[in-house]
Amino acid sequence: MRSDRLEQHSEKRRIILMIVLVAVVCSLTVYFHTVLHICSIVAHTYYIPIILAVAWWKWKGLIVAIFLAVFLTLIHIFLRYDVANIDYYIRAIMLVIIAGIATHLYKRIAEASQSLTEKEERLHGFMDSATDGFIIFDSELNCAEINRAGLSMFPPNTRKEDVINKNLSEITPDIKEAGRYDKYLEVIRTGNTFQIEDFVPHPKFGNLHLAVSAFKADGGLGIVFSDITEHKEAEESLRKSEEKYRQLIQNIPQKIFIKDRNSAYLYCSKNLAKDYGITPDEIVGKTDYDFFPKELADKYRLDDKRIIEASKTESIEERYIQDGKDVWVNIVKAPVKDDDGNITGILGIFCDITERKEAEDALKESEQKFRAIFDSATDGIIVTDQKNKKFYAGNKEICRMLGYSQKEFSKLEVDDIHPKESLPHVIKQFERQAREEHILAEDIPVLKKDGSVFYADINSSSITMDGHTYLMGIFRDVTERKKLDELKDEFVSTVSHELRTPLAVIKEGISLMLDEIPGKLNKKQERLLNMADNNIGRLARIISDLLDISKIEAGMVTLKRKAIDLTDLMQEVSSTFMSQIREKGLKLEISVPKTPLSVYADTDKIIQIFTNLIGNSLKSTEKGQIEICAREMEDEIECSVTDTGEGFSKNDIPHIFDKFQKAGHAGRGVKNGTGLGLPITKGLVEMHGGRIWIESEVGKGTKVLFTLPKGKPDNSQL
Amino acid sequence: MGMKRILIIDDEKEMVDLLQMRLEAADYEILVAYDSQEGLDKARAEKPDLILLDIMMPKMNGYQVCRELKIDDGTKGIPVVMLTAKAQESDKFWGTEVGADAYVTKPFEASELLEKIRGFLESTQK
């Protein structure tokens, strides 16, 4: 395409050149004819093809021309037979010279033209390969030239021909409205360059951001426009990101500064500037000596220096004055590096940690306090990780008990402090703990460092901390108590035997007298002996109850359980009271369901429970009735013994099951009571896994309720 | 049919006196032994109709005496009522283990004891 155009171009020039040459030759010929020989101009028109030939074929043309000239001259001579006419020779020579000059001239012109064309060609190539668009307008703003990049700003498929020689207002119809047209005219008029950044809607690429530069050129207007869309977008995103960071830095609650290598401030956040009593702009160039006492500023500078030298980030906690208040801050100081890794300064970020610090102090204090309490406990305490059974904490007392130092203790676990043979039992207790809230494991053998064993009651409960479950065991050394217990049991047993023997003799003696076996008695004697007999009976009951309660408390009573029908049993027990009830003029009601009520219990003990309760009611009730009742609940049987007797006061109720608490008191209702009936009853009910409680009101009566589990319960007592 | 004979074996002299008084009043003939060996000998020699046997005795206790009586063909048919001031479950257990026929704790109700004795003697009386 391009070379075609180039050829077209040079051809034009060549034609022009030839016309000029023909004209010159013609006029010279005419001149010579006129001067040398008047002759018909027409006759010499054959020079024209010669010249043409020269022009066409250049050097080849010159030779042809010389031949032609010689040939024509010879023809001329032969035709005219005018051989002697020198004029012809001169003319021929002239012709050759002229042709030579013309050829030379042509060559020069052609060369010049060639080089110009090449230059132009190069310029076009350069213009077309430029990424910036060029448009050249003449003074009337008609387009004279446009390069490829320039064309690409126009709708696709716009050809150069569509633009060239068109007026600017035609090419971009809306340019006048924008006032740009006049602006360009002004550029042409004044010669002032006009530059603008412009948004141009582009059908293909959306909005193009163009940098337009218009200048006066060669009387017309040159416009260079470059597509800076990408550049602009990059610039915009950079600006946005910078803005974002600026906002971030300005708004985060932390205080931020940047110092140069010499500890002079380069930047600080608003809130820090506020502390310093200046604006962020004023900080530049200032140093810590401008804001802090010398010692403090010295310290800060030392910190900075250290960080720069070590090229290491440091976190420093220190006191700091803010708004006249003493606060704790955490300052993170980090070296700032450039792209090459050279340290250019220091970045500092302040965090107010006053609250945390205070909380920490409070925590420390409270920890110390609790540690002191923990350590001063007279019982040994161990906190154990439920999962791996490793010890988490232990107090001084437990270390003393075990004979380990606190350091040694921290490496121990459950297995280390119990004799091997009792470990399964201990582990079982441990697992029980996992299911229950709180347990008391009694008489657990504990292994000391020296290999000796002591017995402890371990009262344990679970603690959950940070989602981890721990067991806290409170160890009480019961070795002494255990010995004492054993001694007590033996004592009680012996004492009761030793008491019973003489009692039996006294009782039988009095009984014989009362039966008048040794001889007749008078009324007074009989009354006194009866009195003695009653009290012997009471004494015997006390001894018996005492033995019972001590056995229950020592866990020495074993239940012989089997499935029994409660309704039968209640009938049986109440029948033994029938005579006494009738004697007192009371009524006895038994209220049980028609179907049997099966409980898994020790018959003798259940009889003892009912006997005790009915006996109590009988003692305290003078009129009305006694009702015994049993009903089926969801998973237990609820029994009750209700009377219309004296009742208990509110103050007495909480102590009703305590030993020797004969509420209502002897001399009033409870005659001949041992003060142990209810505690024994409670012990028996609880041994069966039931509960017992009391509802009572003075003057209205008493209702004692207890439950017995249905079916076969857990043998937790075994 | 003569009077029924009851052998009392107890080291407590006072208790023996009282029992003797009570049982004689109830028309029984009473034999007395104050220690275990004497009791065993008397039981074997006299073949009483019933033996009242105390547990807590020196040298040989009531259980041992009872066992001896029960393995001896001559005496094993004699009902043995054990008398003791011990009232523990284990005592009762041992009592029945060695073959005692009844168990009465001290102090006892005379009527209860008599009733028990009467029960045995009437059942053996063919």
Side-chain angles (χ1 to χ4, degrees), chain A residues 489-520 529 532-552 554-560 576 602-605 608 680 684 687, chain B residues 6 8-30 32 34-35 52-58 61-63 81-97 103-118:
Chain A
D489 284 344
E490 211 184 292
F491 175 76
V492 168
S493 169
T494 311
V495 162
S496 78
H497 176 262
E498 294 304 318
L499 286 173
R500 276 162 197 264
T501 309
L503 204 64
V505 174
I506 299 167
K507 185 178 164 61
E508 185 52 18
I510 289 167
S511 177
L512 278 169
M513 282 197 272
L514 278 169
D515 288 347
E516 295 185 322
I517 291 169
K520 273 266 173 202
L529 284 172
D533 190 45
N534 275 339
N535 281 282
I536 287 162
R538 187 168 156 204
L539 198 56
R541 277 199 307 279
I542 290 174
I543 292 166
S544 168
D545 280 0
L546 208 57
L547 194 62
D548 273 356
I549 194 84
S550 62
K551 278 193 287 187
I552 289 170
M556 282 161 64
V557 178
T558 335
L559 294 181
K560 290 187 216 78
T576 63
D602 184 324
T603 315
D604 286 346
K605 301 292 182 281
Q608 197 176 350
I680 290 170
L684 293 174
M687 275 174 73
Chain B
I6 296 174
I8 302 170
I9 310 173
D10 197 333
D11 62 324
E12 301 267 351
K13 233 182 149 118
E14 291 171 342
M15 197 67 222
V16 175
D17 283 354
L18 287 169
L19 281 170
Q20 189 172 5
M21 199 186 285
R22 166 73 66 191
L23 294 173
E24 277 172 355
D27 286 339
Y28 294 111
E29 190 187 329
I30 303 302
V32 170
Y34 293 110
D35 75 55
L52 278 178
L53 178 60
D54 182 43
I55 291 175
M56 292 292 282
M57 285 185 294
N61 68 26
Y63 299 130
V81 175
M82 303 203 84
L83 272 175
T84 185
K86 285 191 147 190
Q88 308 213 11
E89 303 281 333
S90 58
D91 300 328
K92 237 183 221 179
F93 169 80
W94 281 112
T96 44
E97 188 77 347
Y103 196 93
V104 174
T105 50
K106 293 184 209 168
F108 51 85
E109 289 293 333
S111 54
E112 240 177 81
L113 179 69
L114 284 175
E115 211 167 292
K116 252 176 199 154
I117 290 171
R118 209 169 290 135

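Chain identifiers are assigned alphabetically (A, B, ...) following the order of the sequence lines, protein sequences preceding nucleic acid strands; residue numbering begins at 1 within each chain.
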Mind checking the [atom1]-[atom2] spacing from [X] to [Y]? Nearest 0.5 Å is all I need.
X: L512(A); Y: Q20(B); atom1: CG; atom2: CD; answer: 11.5 Å
X: S511(A); Y: E109(B); atom1: OG; atom2: CD; answer: 7.0 Å
X: E508(A); Y: M15(B); atom1: CD; atom2: CE; answer: 5.5 Å
X: T84(B); Y: R500(A); atom1: OG1; atom2: CZ; answer: 8.5 Å
X: M56(B); Y: T501(A); atom1: CE; atom2: OG1; answer: 8.0 Å

- Between D515(A) and chain B, which part of the residue has a heavy atom less than 4.5 Å away: side chain, backbone, both or neither?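 Contact with chain B involves the side chain of D515(A) alone.
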- Message: Looking at every non-hydrogen atom in both residues, tell me the closest pair between G509(A) and L18(B) and how far apart they are.
- Response: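 In this case the closest contact between G509(A) and L18(B) is CA-CD2, 3.5 Å.
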(request) Give the minimum heavy-atom separation between P107(B) and A540(A), together with the two atoms involved. (result)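 Smallest interatomic distance, heavy atoms only, reads CG-CB, 3.7 Å.
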Is it the case that over 12 heavy atoms from other parts of the model lie below 6.0 angstrom from the CD atom of Q608(A)?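 Yes, because the 6.0 Å sphere around CD of Q608(A) holds more than 12 heavy atoms from other groups.
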| Does CD belonging to E112(B) count more than 12 external heavy atoms closer than 6.0 Å? |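 Counting neighbours around CD of E112(B), 12 or fewer heavy atoms of other residues, nucleotides or ligands fall under 6.0 Å, so no.
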